> 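Below is one structure. I have some questions about it.
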2 protein chains.
Amino acid sequence: MTQEQYSKYSFLLDRTARKVKQYAQQQFKSGDFDVTVDQWLVLKNLSENDALSQTELANLVFKDHPTLTRIIDLLSKKGYVERVPHPQDRRSFQLHLTETGVSKVTSLRPEIHQIREKAWENLSPHDFEEFKRILNTIYQNLNGESLGQ
Amino acid sequence: MTQEQYSKYSFLLDRTARKVKQYAQQQFKSGDFDVTVDQWLVLKNLSENDALSQTELANLVFKDHPTLTRIIDLLSKKGYVERVPHPQDRRSFQLHLTETGVSKVTSLRPEIHQIREKAWENLSPHDFEEFKRILNTIYQNLNGESLGQ
DNA sequence: TACCAATAGTTAGTGTGACAAATATATAAA
DNA sequence: TTTATATATTTGTCACACTAACTATTGGTA
């Protein structure tokens with residue numbers, strides 16, 4: 001394969017990732033979900049793992065610490081998440097969904113699954129598996145030290 | 001396939017796209033390329049198509065107009081690109097690479113191809129074709145009106 | 001105890017992305 | 001010609017990504 005052909009994937013990958021996020025965000029907006037796509041990712045992970053620290057959560061969702069700080073700021077301003085001081089370590093917080101946060105996740109989860117499915121029209125379950133395999137391989141190829149998950 | 005499984009792809013897609021951009025950006029930086037990954041995309045397209053308007057270029061690289069305006073601002077501040085008033089249409093500009101811009105593209109092109117290849121270790125040419133097919137299908141599934149390319 | 005490296009989180013600066021609105025100009029219709 | 005509409009670009013705002021620098025705290029070690 002020539003070098004020229006190889007350079008296309010980064011363009012298509014970026015373009016598609018942006019389209020997926022943009023499509024979801026538009027649906028979120030027209031449904032008055034009151035959260036962004038990235039805020040949803042954080043809420044969803046908090047609903048599945050209680051009392052995470054920000055560092056633990058950052059590793060889970062693969063966002064860096066400054067980004068996560070701001071997302072938590074926004075979510076707590078909206079009343080979905082609380083920072084509770086860690087009982088032993090005064091540097092750190094335990095993150096909890098509020099009541100409002102829990103019911104937000106419960107109500108949005110099925111709607112968001114529907115939105116996500118739209119991307120897979122005309123594609124097979126086998127395509128889905130291949131896609132995940134290739135994405136993970138690329139990720140690991142570029143992920144110097146640690147081996148990704 | 002259950003709904004639960006389906007939701008993973010958007011996470012992996014976003015994570016991988018960010019990793020690809022991040023990896024390239026780090027290489028750009030350690031090589032003192034003096035441009036960002038997105039600025040490179042714009043430069044490269046200008047080197048292949050002279051005298052584009054900003055609208056034409058935006059459609060080519062799939063960036064929206066405000067984003068492109070700002071990238072052109074940065075590239076012209078760095079001396080790589082010039083806005084030349086369109087001879088007939090006073091609303092619009094024709095974009096040109098400067099001498100410096102041309103030599104920048106010439107010198108960076110091979111280095112960037114090498115950086116881009118790193119992602120494809122352990123993957124086959126067939127994977128590459130499948131990957132492009134799936135990315136394009138997803139894009140078109142979500143791209144309401146027009147059919148994308 | 002005193003020092004020091006590591007860790008948790010925040011803040012600031014720059015670049016990018018999406019979206020809405022504003023400005024200037026062009027073109028078509030009345 | 002006047003008016004209406006469409007097009008090209010810019011500006012403003014909010015959100016996110018990445019880097020670097022900073023504060024506070026912890027834990028190990030001399």
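Since this is a predicted model, take the numbers as computed values, not measurements. Reminder, nothing fancy here: chain letters follow the sequence lines and each chain counts from 1.
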> If you check every side-chain atom of Thr36(A), which of dA15(D), dA18(C), dC18(D) has the closest atom?
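It is dA15(D).
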> Rounded to the nearest angstrom, tell me the gap between atom CH2 in Trp40(B) and atom P in dG15(C).
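About 19 Å, once rounded to whole Å.
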> Side-chain N or O of Lys77(B) less than 4.0 angstrom from OP1 or OP2 on dG15(C)?
no
> Does Arg90(B) make a side-chain N or O approach to OP1 or OP2 of dA26(C) shorter than 4.0 Å?
yes
> Taking only N and O in the side chain of Thr69(A), is any of them less than 4.0 Å away from OP1 or OP2 of dG9(C)?
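So the side chain of Thr69(A) is outside the cut-off, no N or O lying under 4.0 Å from OP1 or OP2 of dG9(C).
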> Nearest whole angstrom, please: distance from the P of dA8(C) to the CG of Asp89(A).
7 Å
> For the side chain of Phe93(B), starting at C-beta, report the closest nucleotide among dG15(C), dT10(D), dC16(D).
dT10(D)
> Between Ser92(B) and Gln22(B), name the one whose nearest nucleotide on DNA chain D is closer to the 5' end.
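By nearest-heavy-atom nucleotide position, the 5'-most residue is Ser92(B).
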> Using a 4.0 Å heavy-atom cut-off across all strands, classify Glu56(A) as base, sugar-phosphate, or nothing.
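If one applies the 4.0 Å heavy-atom cut-off, Glu56(A) turns out to touch nothing in the nucleic acid.
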> Give the rounded distance in Å between these two atoms: CD1 of Ile71(B) and P of dT9(D).
15 Å
> Less than 4.5 Å apart, any side-chain heavy atom of Thr98(B) and any of Val81(B)?
no
> Quickly work out the Arg18(B) CZ to dG17(C) P distance and round it to whole Å.
14 Å
> Where each residue is assigned the nucleotide of DNA chain D containing its nearest heavy atom, which of Gln94(B) and Arg91(A) is assigned the position nearer the 5′ end?
Gln94(B)
> Here's a test of your reading of the structure: between Lys29(A) and Leu74(B), which maps to the more 5' nucleotide of DNA chain C?
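Result: Leu74(B).
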> Both Pro66(B) and Asp38(B) contact DNA chain C. Which one's nearest nucleotide lies toward the 5' end?
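The residue mapped nearer the 5' terminus is Asp38(B).
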> In plain terms, say whether Lys77(B) and Asp73(B) are close enough for a salt bridge, that is, a side-chain N and a carboxylate O under 4.0 Å apart.
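Salt bridge absent between Lys77(B) and Asp73(B).
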> Test the Arg18(A)-Phe62(B) pair against the cation-pi criterion, namely NZ or CZ under 6.0 angstrom from the six-membered ring centroid and within 45° of the ring axis.
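Because its charged atom misses either the 6.0 Å distance or the 45° angle limit, Arg18(A) does not stack over Phe62(B).
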> For Thr100(A) and Ser103(A), which heavy atoms make the closest approach, and how far apart are they?
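Smallest heavy-atom distance, with atoms named: O-OG, 3.1 Å.
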> Report yes if a side-chain nitrogen or oxygen of Gln54(B) is closer than 4.0 Å to either non-bridging phosphate oxygen (OP1 or OP2) of dT7(D); otherwise report no.
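No.
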> Using a heavy-atom cut-off of under 4.0 Å over every strand shown, decide if Thr67(A) touches base, sugar-phosphate, or nothing.
base
> Gln88(A) side chain N/O closer than 4.0 Å to the phosphate oxygens (OP1, OP2) of dT25(D)?
no
> Would you indicate what Leu68(A) reaches in the nucleic acid, counting non-hydrogen atoms under 4.0 angstrom: base, sugar-phosphate, or nothing?
nothing
> Aromatic contact between Trp120(A) and Phe128(A), with the criterion being ring centroids under 6.0 Å apart: yes or no?
yes
> Any donor-acceptor pair under 3.5 Å linking the side-chain atoms of Asp64(A) with those of Thr67(A)?
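Their side chains do contain a donor-acceptor pair, which is all the 3.5 Å distance test asks for.
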> Check the distance between dT26(D)'s C1' and His86(A)'s NE2 and give it to me in whole angstrom.
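Distance check: His86(A) NE2 to dT26(D) C1' gives 12 Å.
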> Rounded to whole angstrom units, what separation is found between the OH atom of Tyr23(A) and the C1' atom of dG17(C)?
19 Å
> When only distance counts, do a donor and an acceptor, one from the side chain of Arg83(A) and one from the base of dA8(C), lie under 3.5 Å apart?
no
> Could you state the atom-to-atom distance from NZ of Lys21(B) to P of dC16(D) in whole Å?
16 Å
> Would you mind reading off the distance between Lys63(A) atom NZ and dC18(D) atom P, rounded to a whole angstrom?
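Roughly 9 Å, once rounded to whole Å.
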> I want to check one thing: is the phosphate of dT19(D), taken as OP1 and OP2, less than 4.0 Å away from some side-chain N or O of Gln25(B)?
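Answer no for this pair, as no side-chain N or O of Gln25(B) is under 4.0 Å from OP1 or OP2.
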